[in-house]
Amino acid sequence: MRKAVFPAAGLGTRFLPATKAQPKEMLPLVDKPIIQYGVEEATASGVPNIILVTGRGKNAIEDHFDVAVELETFLEARGKLDQLAEIRKISDMVNFAYVRQGEPLGLGHAVLVTRDLVGDEPFAVILADDVIDANPPATRQLIDVFDRLNGPVLAVERVPRETISSYGVIAPDLAAEPLGDGVYRVRDLVEKPPVEEAPSDLAIIGRYVLTPDIFPALAATKRDRTGEIQLTNGLRELLKTRPIYACEVKGVRHDTGNKLGFLKAVVYFALKRPDLAGPFTDYLTALGLPAPIAR
Ligand code: UTP
């Protein structure tokens, strides 16, 4: 797989005022912006080209992955070679292409505007706000299923019933032949159903491997009540013409697009850092938490 699409044109209203002049994808988890976790996942999954869908006020993302000549010269002159290597690693990471969404008309629309850049080949979609710590990386897990079944694959996760209405939800085809551990054929899918109408507890999370026939399907998808084109509805359209699969991703996911999820992710990644784990655990323990947090 050669290309990964990163939709990053949403307004991030749940993080205002932090996201007024800066995209939520640039908020750091410890010292790395959220989007860099996703880009590193794409690289580690063997995907070398990133297509970023950006909107107003997203220049910081482009600058982050660009060469920073002044900064590099400064670090070199001061002999700060570790930091220099770290900064160079970012701009060397992958090839970037950018496309503007213009108006934030929904995730389906964000994918649709990449049509010309993606061309006629399968591609991954990575929603950077879902940060997934996994080995093999989440996108790699989906690509492996795609290579085996040769059809679109959606990442899913079992979530508590009371949270299901925040997600797209699949109905697995339980009559279909077994496809392996945690892999399903999709019978139907629905965007943000009320709890009592949810067809399962398998929620679609922010990773997809799609085929180029998603583009005409999205173009044929009607806007929803809020005026947005939903990717889930485009997939529902596509399901009329070909099988679609879902894969339960093995790993730890944090939804950093909401405040509690973001805070959990900061703590999680801080505790994984050898330089911070000890003193940070001491700090958390001193706050009077009931038990020390496991490292
Ligand atoms: P969200 O549902 O998290 O929306 O989008 P949002 O606008 O980013 O944030 P809130 O809800 O206002 O706080 C899921 C993903 O789809 C992208 C977002 O950037 C995010 O990665 N997206 C969403 C677009 O690229 N364009 C859109 O029109 C909508």
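Residue indices begin at 1 and follow the sequence shown. Atoms within a ligand are numbered from 1 in the order they appear, just like the ligands themselves.
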ring-ring contact (aromatic ring centres under 6.0 Å, His included) evaluation trace for Phe6 with Phe96: CA-CA 10 Å; Phe6 279 65; Phe96 285 93; 8.1 Å; no
Asp188 side, atom CG; Ser200 side, atom OG - distance, nearest 0.5 Å: 10.5 Å
Rounded distance [0.5 Å steps], CG in Leu112 versus CD1 in Ile229: 6.0 Å
Gln141 side chain vs Lys250 backbone, donor-acceptor pair below 3.5 Å: yes
Hydrophobic cluster partners of Val69 (side-chain heavy atoms under 4.5 Å): Val67
Every pair of nitrogen or oxygen atoms between ligand 1 and the protein that is under 3.5 angstrom apart - can you list them with their distances to 0.1 Å?
unit_1: ligand 1; atom_1: 3 (O); unit_2: Arg14; atom_2: NH2; d: 2.9
unit_1: ligand 1; atom_1: 3 (O); unit_2: Lys24; atom_2: NZ; d: 3.0
unit_1: ligand 1; atom_1: 7 (O); unit_2: Leu11; atom_2: N; d: 2.9
unit_1: ligand 1; atom_1: 7 (O); unit_2: Gly12; atom_2: N; d: 3.3
unit_1: ligand 1; atom_1: 8 (O); unit_2: Lys24; atom_2: NZ; d: 2.8
unit_1: ligand 1; atom_1: 9 (O); unit_2: Gly12; atom_2: N; d: 3.4
unit_1: ligand 1; atom_1: 9 (O); unit_2: Lys24; atom_2: NZ; d: 3.2
unit_1: ligand 1; atom_1: 11 (O); unit_2: Arg14; atom_2: NE; d: 3.1
unit_1: ligand 1; atom_1: 11 (O); unit_2: Arg14; atom_2: NH2; d: 3.3
unit_1: ligand 1; atom_1: 12 (O); unit_2: Thr13; atom_2: N; d: 2.8
unit_1: ligand 1; atom_1: 12 (O); unit_2: Thr13; atom_2: OG1; d: 2.5
unit_1: ligand 1; atom_1: 13 (O); unit_2: Thr13; atom_2: N; d: 3.1
unit_1: ligand 1; atom_1: 13 (O); unit_2: Arg14; atom_2: N; d: 2.8
unit_1: ligand 1; atom_1: 13 (O); unit_2: Arg14; atom_2: NE; d: 2.9
unit_1: ligand 1; atom_1: 19 (O); unit_2: Ala9; atom_2: N; d: 3.3
unit_1: ligand 1; atom_1: 19 (O); unit_2: Gly10; atom_2: N; d: 2.9
unit_1: ligand 1; atom_1: 21 (O); unit_2: Pro7; atom_2: O; d: 2.9
unit_1: ligand 1; atom_1: 21 (O); unit_2: Asp129; atom_2: OD1; d: 3.2
unit_1: ligand 1; atom_1: 25 (O); unit_2: Ala9; atom_2: N; d: 3.0
unit_1: ligand 1; atom_1: 26 (N); unit_2: Gln101; atom_2: OE1; d: 2.7
unit_1: ligand 1; atom_1: 28 (O); unit_2: Gln101; atom_2: OE1; d: 3.3
unit_1: ligand 1; atom_1: 28 (O); unit_2: Gln101; atom_2: NE2; d: 3.2
unit_1: ligand 1; atom_1: 28 (O); unit_2: Leu105; atom_2: N; d: 3.2
unit_1: ligand 1; atom_1: 28 (O); unit_2: Gly106; atom_2: N; d: 2.7
unit_1: ligand 1; atom_1: 28 (O); unit_2: Gly106; atom_2: O; d: 3.4

Shared hydrophobic cluster, Leu107 / Leu218 (ILVMFWY, side-chain heavy atoms < 4.5 Å): yes
